[in-house]
Amino acid sequence: MRYTETGFNLEVDLTHGNIEKVATDPRDTELFLGGLGTNAKILWDRVPPETDPLSPENIIIFSSGLLGGTLAPSANRTIVTTLSPQTRLMAFSMMGGFWAPELKYAGFDKVIVRGKASGLVYLWIDNDTVEIRDASHLHGKGALETAELIREELKEPRARILAIGLAGENQVYYASIEHERSSASRGGIGAVMGSKGLKAIAVRGTNDLNIAHPAEFWEECDKILKYIEFRRENPIKGVPPILAGLGSPQEMAINDEQWHTTSFSWGNARVRRKDFWTEETEKRWHEVQSRSVERLISCYNCPMRCGAIVPHPELPTHRYMMKCYSKLTYVMGAMADDLEFGFRIAGLAQEYGVDGYTAPQVMAFAVELYENGILTDEDLPGFPEKNEDRFFYLLDKIVHREGIGDVLAEGVYWAARKIGKGAEKFDHNTIKKHEQIPIKLGMLNPIYYILWSTGEKINITQIEGQMPQAPFPTKELKEDFIKDWVQIPTGKEEKFKQFIMEWGEEGKRFPFWPPIDLICELVEWQETMHYIDDTLGLCAGLSSFPLKPAYHIHNLPVIISHATGLDIDEDGLWTIARRTRNLVRAINLRRGLRKTDEKPPEDHWKKRFPEYEAKLLDEYYKYKGWNTDGVPTRETLEGLGLGYVAEDLIKRGVLKGNGTSSSEASGEKEKN
Amino acid sequence: MKEKKKTKIIKRIKIDADQCNGCRACEAICAAFHAEPKYSSVNPARARIHVFHDPIRNIYLPVYAGEYTPAECAGRNTYTLNGQEYDECAFCRASCPSRDLFKEPDSGLPLKCDMCETEPPLEEPMCVQVCIDDALTYEEVEVEVEEEEEEVKVEDLELGVEALIDKYGMDKLMKTLARMAAAKEEGAV
Ligand code: SF4
Ligand code: SF4
Ligand code: SF4
């Protein structure tokens with residue numbers, strides 16, 4: 001018997017209307033666990049590197065994680081993997097909610113879609129009965145509205161539905177996939193759905209999901225719940241409220257937005273407003289938020305309530321669901337001081353299905369181009385005066401791909417190059433062709449330098465975590481933080497704790513401190529924990545993201561072993577995560593990712609140190625077992641059982657010579 | 001009469017629907033707790049609690065599986081809540097022929113909340129334990145009763161058999177059981 005996974009994928013070919021239930025190889029589970037790991041393997045095996053992301057040959061995988069649908073709190077992620085039309089690299093956005101657990105109960109671990117339907121369709125998975133159904137009547141409908149109509153049509157209120165809005169249908173490069181209170185939005189995966197003519201997937205499942213060591217497994221899950229309760233009573237001291245608790249940042253419950261509004265940049269990632277947060281603003285925003293949040297809501301099997309139900313009279317559904325920080329992205333992008341505007345536009349944008357991080361930045365970029373005469377009234381006929389109105393105007397043009405909206409629909413990087421006339425200069429906040437969170441700071445942070453540069457999940461929040469954003473101000477707070485810091489990997493406890501204790505002292509400040517080897521370890525730890533979550537389908541909000549999370553490298557192997565019956569220890573889990581990490585990198589290298597792409601925007605920090613930065617990158621590559629071009633060496637790949645990947649990379653000339661050529665990197669074996 | 005008055009402990013779960021976040025942890029744990037062996041599988045369709053949810057109307061209502069009923073209600077009413085009209089069945093607790101709710105998905109046998117009765121008894125029913133946002137809370141209250149009432153505990157099995165009788169008739173059921181028993185015996189030889 002297979003435990004925690006169903007052992008079946010659903011393969012759908014939309015071109016031929018073919019549907020197949022395919023048994024999976026348990027060996028892949030041992031090597032990659034599931035979720036992102038097995039998704040990467042499928043993408044590597046099946047999608048040749050020259051594939052156009054928006055062509056029928058691209059595939060899009062909707063996957064549960066290995067623990068998805070079990071009693072493990074927050075094991076609810078849907079991991080969507082495909083090639084991104086925007087970055088042209090592998091996209092692997094995740095979302096919470098209810099979809100992936102329902103898919104497991106329906107009897108599938110993944111849905112793999114290829115081809116292109118002749119008209120707009122949706123997929124209905126009712127346990128073993130799977131149908132491709134006509135969706136022509138859903139053309140242009142909002143994502144939630146679509147779900148509503150499908151549930152009515154199927155007469156199944158319990159069906160869980162993911163859908164795209166108009167932006168996805170029109171293949172906007174940053175179109176999202178929306179599902180109730182969650183969105184998978186990075187990398188334009190909604191556009192890939194749109195390119196296939198796939199409007200939505202509805203699923204309902206009533207089968208058992210089996211657990212290998214039931215009592216032991218539940219005991220571990222119960223400990224997670226108890227720890228969540230403990231942390232409610234014991235927030236981390238000495239950090240802003242938004243960072244003190246567990247969960248996705250508690251944007252819906254917490255009103256104190258001082259940290260975001262004063263640390264992040266406004267407009268087109270331009271201005272930092274350090275004195276924005278006044279008592280008066282707090283009062284006003286508090287009033288708006290209490291009016292806008294009707295109920296706090298969770299994802300499947302998680303008590304964290306990171307989302308909220310928000311009334312929205314303009315929408316056909318009258319309400320929508322919000323989470324995280326999208327209430328602020330439009331406000332800050334538009335330089336609007338009004339939170340109400342944020343709730344209003346975010347609702348519309350979500351129904352159209354655009355990424356709440358990228359969309360406002362594209363709009364802010366357009367506004368800047370207009371103000372600098374690069375876009376004119378000819379490009380923007382009837383462009384309103386007020387920034388808020390301009391954002392509504394731009395949103396409308398983009399999702400309809402109308403006029404200049406057709407260009408802006410491809411994101412800042414591609415739009416800048418199409419517009420020309422110096423527009424490229426205003427593209428100052430993208431990495432790997434993708435908009436980043438608008439943060440512009442003073443002093444180079446060497447840890448973040450590597451994270452921003454080498455991250456392939458495109459979003460910094462998807463690879464960072466567990467580390468305080470600034471040194472604790474007092475010795476007492478430092479001691480308090482490290483005293484029960486059990487999340488650190490074995491063998492690194494002393495080093496990491498010492499780092500926290502010393503950080504901020506005379507001579508113990510960025511950028512030339514701490515030593516590079518420690519920097520590498522801190523970076524790798526942060527990122528690796530996210531890769532583990534993405535294979536398991538756990539929410540980063542209880543795991544890799546917050547300070548002192550509930551899940552960590554010590555309890556996860558125990559949890560996985562009890563759930564699956566596999567025998568996995570800390571080293572084993574680490575190795576699996578490294579295997580996935582290197583495979584993701586290989587996919588991207590094969591698609592053209594190069595060292596020159598691995599750099600934060602020039603103005604990311606005011607104070608930069610080019611030589612030191614080059615050294616940081618080189619040392620990190622070496623630490624990862626990659627050569628000086630950032631390509632995993634033959635030894636690294638073979639050591640992970642990825643010899644076939646090495647051969648392919650050598651054949652394609654991505655890995656030069658015999659694959660061991662670059663400098664001394666090759667000889668070095670990693671500890672982990 | 002007075003000396004006849006006795007007290008008894010009533011166990012009950014209070015539902016505060018306003019606190020419900022829709023996470024369905026209650027459904028998952030209920031199904032797992034009643035799996036054989038305990039926690040060996042999860043399948044919310046087997047839960048004895050169902051969280052009726054309609055997010056865009058802001059309705060979240062945990063409903064416990066109540067009595068099994070052999071026939072559906074004659075007249076049905078409707079509810080209008082936050083502008084949406086619902087069939088009365090939407091919030092009904094019964095395991096009823098009109099729908100698949102509160103029935104084992106494979107056999108169709110009815111499910112009923114048993115308050116997680118087990119030996120040794122739990123401090124709190126499982127769904128209450130996992131609902132740490134307190135939409136579900138547990139209380140034991142002492143109430144006076146006229147005289148000791150025999151508490152009839154309908155076991156799962158009995159409930160199931162009753163449903164089968166209703167579905168197929170006593171006669172057919174007995175015959176089938178006899179046939180199966182005979183076949184089993186033959187097989188064992
Ligand atoms: S922590 Fe928040 S976002 Fe994560 S699973 Fe729980 S409710 Fe969802
Ligand atoms: S566990 Fe509690 S909050 Fe979650 S769905 Fe059940 S009743 Fe609602
Ligand atoms: S009390 Fe026990 S049997 Fe009843 S719904 Fe809750 S978990 Fe299920």
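Predicted model only: the values in this text are computed from it and were never measured. Hydrogens, waters and symmetry mates play no part in the numbers below; they use all other heavy atoms, side chains included. In what follows, chains are A, B, ... by sequence order, proteins preceding strands, each numbered from 1.
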Original post:
Less than 4.0 Å between a side-chain N and a carboxylate O, is that true for Arg24(B) and Glu102(A)?
Top reply: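 Salt bridge: yes.
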Original post:
Under 4.0 Å between a Lys/Arg side-chain N and an Asp/Glu carboxylate O for Asp54(B) and Arg319(A)?
Top reply: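 Salt bridge: no.
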Which heavy atom of [X] sits nearest to which heavy atom of [Y], and what is that distance?
| X | Y | value |
| --- | --- | --- |
| Cys23(B) | Cys302(A) | CB-O, 3.3 Å |
| Asn21(B) | Leu296(A) | CB-O, 3.6 Å |
| Asn301(A) | Ala25(B) | OD1-CB, 3.3 Å |

Subject >> Most contacts with chain B, counted as non-hydrogen pairs under 4.5 angstrom, among Arg151(A), Met321(A), Arg232(A) >> reply: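 When all of Arg151(A), Met321(A), Arg232(A) are compared, Arg232(A) has the most.
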Any side-chain heavy-atom pair of [X] and [Y] under 4.5 Å:
| X | Y | answer |
| --- | --- | --- |
| Asn43(B) | Leu209(A) | no |
| Tyr105(A) | Pro44(B) | yes |
| Asp208(A) | Arg46(B) | yes |
| Asn210(A) | Ser41(B) | yes |
| Pro55(B) | Arg181(A) | no |
| Ile211(A) | Ser40(B) | no |
| His318(A) | Ile56(B) | no |

Check whether more than 12 heavy atoms from other residues, nucleotides or ligands sit under 6.0 Å from atom [atom1] of [X], and answer yes or no.
| X | atom1 | result |
| --- | --- | --- |
| Lys323(A) | NZ | yes |
| Glu140(B) | CD | yes |
| Phe91(B) | CZ | yes |

Subject >> Asn58(B)-Arg295(A) side chain donor-acceptor pair, cut-off 3.5 Å >> reply: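 Yes, because at least one side-chain N or O of Asn58(B) sits under 3.5 Å from a partner of the opposite role on Arg295(A).
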Does any heavy atom of chain A fall under 4.5 Å from the side chain of [X], the backbone, both, or neither of them?
| X | result |
| --- | --- |
| Ala32(B) | side chain |
| Cys20(B) | both |
| Tyr60(B) | both |

**OP:** May I have the step-by-step check of side chain to side chain contact (heavy atoms under 4.5 Å, CB included) for Asp100(B) and Arg158(A), ending in yes or no?
**Re:** CA-CA 12 Å; Asp100(B) 62 4; Arg158(A) 293 164 298 187; 2.8 Å; yes
Quick one: what part of [X] sits under 4.5 Å from any heavy atom of chain B, side chain, backbone, both or neither?
| X | value |
| --- | --- |
| Ile309(A) | side chain |
| Phe98(A) | side chain |
| Pro303(A) | both |

Original post:
Glu216(A) and Tyr39(B): side chain to side chain contact (heavy atoms under 4.5 Å, CB included), yes or no, with the steps?
Top reply: CA-CA 9 Å; Glu216(A) 296 87 341; Tyr39(B) 312 113; over 6 Å; no
**OP:** Output the option from Gln19(B), Lys38(B), His53(B) having the highest count of non-hydrogen pairs under 4.5 Å with chain A.
**Re:**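 Greatest number of close heavy-atom pairs with chain A: His53(B).
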